[in-house]
Asks: 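First, the structure itself, so that you have it in front of you.
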Amino acid sequence: MAEKIGFIGLGAMGGPMAANLARKGSDLIVYDIDSAKVQTLVDLGATPAGSVAEIAKAADIILTMLPDSPEVEEAVLGPDGILAHGRPDQLVMDMSTIAPSTTDRLLKTLNEAGIGFVDAPVGRLVTHAIAGELLFMVGASGNDFGRVKPLIEGMGTTIHHCGAPGTGIRTKLVNNLIAISVCQIDAEAITLAQAFGLDVQNTIDVINGTTAMNGHLITNWPNKVLKGDTSPGFRVALAHKDVSLALQAAHEAGIPMFTGASVREAYASARAAGYGDQDFSSLVDFLCEKAGIEPPRL
Ligand code: NAD
């Protein structure tokens, strides 16, 4: 009999990811603190759950796609959580971007109770989540990887088995330190282009023809901020969280991060100025606002 899949966290990413599993025939039970998000999945055939405990009792494999470490920790270790209400031979796959130290703690605690744990954070954007074209960075034992692979294939097109549990989340932080920093330097450069009065499309065409090229200006910005759409997408608050997680991990490893530290503060200022729930491409709007010039639009 097919395994029953629990899905916790149906936001900008988790919603479309769960929807893809539902459409591809997974036997799905879903939970989010926002009941409207649960209803969207029920409309696609999923069973609603009223709590994490209900998911823990019903499902064989439990997927989490939550904002940050405290939410994942609560879902797994809290009184209403998976550890308290689950059973041996279940498997938890966390796809959120959280602190590696939290991942390590969840792995150890769940394994002691006979419950498996896989970290499988994702790369790419909400558009890829909708299209089922995400990239997964998976930390898992060989057996657990085999068990989750069909599910991952239902949500993504590119799978990297990075190694043992804990390697997926670490790979994700390395990747996001770059992605989030490059978005900030793009914002600074395009704000300068605006101040020069340059043609935005021409400037981006030049950038994308040299080693300055990057995914933000090729994929995300033309579909988001440059069209005047700054709805998330990937929220500034989550990008700030990710770069903070990378810096904390670097601090623990004794590695200085000159650029990362200033990038973190750039995101902190955008967040403090009210951009926290906007797409991270809106950093350019924030800088243009500070500079008193028109934001770039195509
Ligand atoms: P989101 O804020 O849109 O969604 C989070 C969802 O979790 C919301 O629906 C919220 O109601 C729900 N939630 C919060 N606390 C809960 C709890 N205690 N129990 C149940 N549900 C709870 O965030 P998102 O953009 O979907 O991101 C989710 C994770 O994926 C984050 O760790 C983020 O860093 C990562 N990520 C996001 C993107 C992106 O482009 N948005 C890309 C890659 C990775």
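Atoms within a ligand are numbered from 1 in the order they appear, just like the ligands themselves. Index from 1, following the sequence. Just so you know, these numbers use all the heavy atoms, side chains as well, and skip hydrogens, waters and symmetry mates.
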Asks: Which protein non-hydrogen atom lies closest to atom 35 (C) of ligand 1, naming both residue and atom, and how far is it?
Replies: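 Checked against all protein heavy atoms, atom 35 (C) of ligand 1 sits closest to Thr97 OG1, 3.7 Å.
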Asks: What is the nearest protein non-hydrogen atom to atom 2 (O) of ligand 1, stated with its residue, atom name and distance?
Replies: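 For atom 2 (O) of ligand 1, the nearest protein heavy atom comes out as Arg235 NH2, 2.8 Å.
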Asks: Looking at ligand 1, does any of its N/O atoms fall within less than 3.5 Å of an N/O of Leu66?
Replies: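 It does: an N or O of Leu66 is found under 3.5 Å from an N or O of ligand 1.
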Asks: Starting from atom 27 (O) of ligand 1, locate the nearest protein heavy atom and write down its residue, its atom name and how far away it is, to 0.1 Å.
Replies: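 Scanning the protein heavy atoms, the shortest distance from atom 27 (O) of ligand 1 goes to Leu238 CD1, 3.7 Å.
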Asks: Closer than 3.5 angstrom, by distance alone: can the side chain of Asp119 be matched with the main-chain N or O of Gly166 as a donor-acceptor pair?
Replies: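 Checking the backbone N and O of Gly166 against the side chain of Asp119, a donor-acceptor pair under 3.5 Å is found.
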Asks: Rounded to the nearest 0.5 Å, what separates atom OG1 in Thr40 from atom CG in Leu10?
Replies: 8.5 Å
Asks: What atoms of ligand 1 come within less than 4.0 Å of a heavy atom belonging to Lys241?
Replies: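 Heavy-atom distances to Lys241 below 4.0 Å select 31 (C), 32 (O), 33 (C), 34 (O).
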Asks: Measure the distance from atom 18 (N) of ligand 1 to every protein heavy atom, then report the residue, atom name and distance (to 0.1 Å) of the closest one.
Replies: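 Answer, as residue, atom name and distance: Ile33 CG2, 4.3 Å.
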Asks: Before you tell me yes or no, could you show the steps for Thr103 and Arg170 under side-chain hydrogen bond (donor to acceptor under 3.5 Å, both in side chains), namely the whole-Å CA-CA distance, both residues' side-chain angles and the distance that decides it to 0.1 Å?
Replies: CA-CA 10 Å; Thr103 299; Arg170 288 175 168 85; over 6 Å; no
Asks: Minimum distance, heavy atoms only, to atom 1 (P) of ligand 1: which one of Ala12, Ser96, Ala129 is it?
Replies: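 Ranked by closest heavy atom to atom 1 (P) of ligand 1, first place is Ala12.
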Asks: Hey, which atoms in ligand 1 end up nearer than 4.0 Å to a heavy atom of Lys37?
Replies: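 Those qualifying, in numeric order: 8 (C), 9 (O).
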Asks: Output yes when a side-chain donor or acceptor of His128 lies under 3.5 Å from a complementary backbone atom of Thr157, and no otherwise.
Replies: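 It does not hold such a pair.
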Asks: Linking I/L/V/M/F/W/Y whenever their side-chain heavy atoms sit closer than 4.5 Å, directly or via other members, would Val263 and Met257 fall into one cluster?
Replies: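 Both belong to a single hydrophobic cluster.
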Asks: Can a donor-acceptor pair be found, under 3.5 Å and without considering hydrogens, that links the side chain of Ser96 to the backbone of Ile98?
Replies: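 Such a contact is absent between Ser96 side chain and Ile98 backbone.
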Asks: Note the single closest protein heavy atom to atom 40 (O) of ligand 1, along with its residue, its atom name and the distance in Å.
Replies: Phe234 CB, 3.3 Å
Asks: Relative to the heavy atoms of Gly11, which atoms of ligand 1 are at a distance of less than 4.0 Å?
Replies: 3 (O), 4 (O), 6 (C), 8 (C), 9 (O), 26 (O)
Asks: For Asp60, run the salt bridge (charged side-chain N to carboxylate O under 4.0 Å, His left out) check against Lys4, Arg147, Arg87 and tell me which one passes.
Replies: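 Output: one option passes, namely Arg87.
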Asks: Do Phe117 and Val76 belong together in a cluster built from hydrophobic side chains that touch within less than 4.5 Å?
Replies: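 In one cluster: yes.
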Asks: Distance to 0.1 Å, residue and atom name: give those for the protein heavy atom nearest to atom 30 (O) of ligand 1.
Replies: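 Checking every protein heavy atom, the shortest distance to atom 30 (O) of ligand 1 gives Met65 CE, 3.1 Å.
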Asks: Please confirm whether Lys172 comes within less than 3.5 Å of ligand 1 when only nitrogen or oxygen atoms on both sides are compared.
Replies: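 Between Lys172 and ligand 1 (N or O atoms, distance only) the closest approach is not under 3.5 Å.
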Asks: side-chain contact (heavy atoms from CB on, under 4.5 Å) between Met17 and Met65: does it pass, once the steps are laid out?
Replies: CA-CA 9 Å; Met17 290 162 78; Met65 192 53 168; 3.9 Å; yes
Asks: Only heavy atoms of Glu71, strictly under 4.0 Å: list the atoms of ligand 1 that pass.
Replies: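 Under 4.0 Å from Glu71, ligand 1 has these atoms: 15 (N).
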Asks: Kindly determine whether Asp279 and Val225 satisfy side-chain contact (heavy atoms from CB on, under 4.5 Å), including the steps that lead there.
Replies: CA-CA 8 Å; Asp279 188 69; Val225 70; 6.0 Å; no
Asks: Quick check: does Asp32 get an N/O under 3.5 Å from an N/O on ligand 1?
Replies: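 It does: an N or O of Asp32 is found under 3.5 Å from an N or O of ligand 1.
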Asks: Which is it for Met13 and ligand 1 at heavy atoms under 4.0 Å: side chain, backbone, both or neither?
Replies: both
Asks: With a 3.5 Å cut-off and no angle check, do the side chains of Asn214 and Asp186 form a donor-acceptor pair?
Replies: yes
Asks: Using a 4.0 Å cutoff against the non-hydrogen atoms of Gly233, which atoms of ligand 1 qualify?
Replies: 41 (N)
Asks: Go through the steps for His240 and Phe280 under the test ring pair (Phe, Tyr, Trp, His ring centres under 6.0 Å), then give the verdict.
Replies: CA-CA 9 Å; His240 178 231; Phe280 69 154; over 10 Å; no
Asks: Using a 4.0 Å heavy-atom cut-off, say whether Arg124 meets ligand 1 through its side chain, its backbone, both or neither.
Replies: backbone
Asks: As an exercise, identify every atom of ligand 1 less than 4.0 angstrom from a heavy atom of Leu10.
Replies: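 Ligand 1 atoms under the 4.0 Å threshold to Leu10: 9 (O).
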Asks: For the 3.5 Å polar cut-off, considering only N or O atoms, please tell me whether Val122 and ligand 1 meet it.
Replies: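 It does not: no N or O of Val122 is found under 3.5 Å from an N or O of ligand 1.
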Asks: As a quick check of understanding, evaluate side-chain hydrogen bond (donor to acceptor under 3.5 Å, both in side chains) for Asn176 and Lys172, giving each step before the final call.
Replies: CA-CA 6 Å; Asn176 273 26; Lys172 170 69 178 169; 3.2 Å; yes
Asks: Do any N/O atoms on Asp68 end up under 3.5 angstrom from N/O atoms on ligand 1?
Replies: no
Asks: Does Gly9, backbone or side chain, put an N or O under 3.5 Å from an N or O of ligand 1?
Replies: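 So ligand 1 has no N or O lying under 3.5 Å from an N or O of Gly9.
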Asks: Heavy-atom distances under 4.0 Å are what count here, so tell me which part of Met95 touches ligand 1: side chain, backbone, both or neither.
Replies: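 No part of Met95 comes within reach of ligand 1.
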Asks: Report yes if Tyr31 has an N/O atom closer than 3.5 Å to an N/O atom of ligand 1; otherwise report no.
Replies: no
Asks: With a 3.5 Å distance limit and no angle check, can you tell me whether Lys241 reaches the backbone of Thr97 through a side-chain donor-acceptor pair?
Replies: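 Yes; at least one donor-acceptor contact below 3.5 Å.
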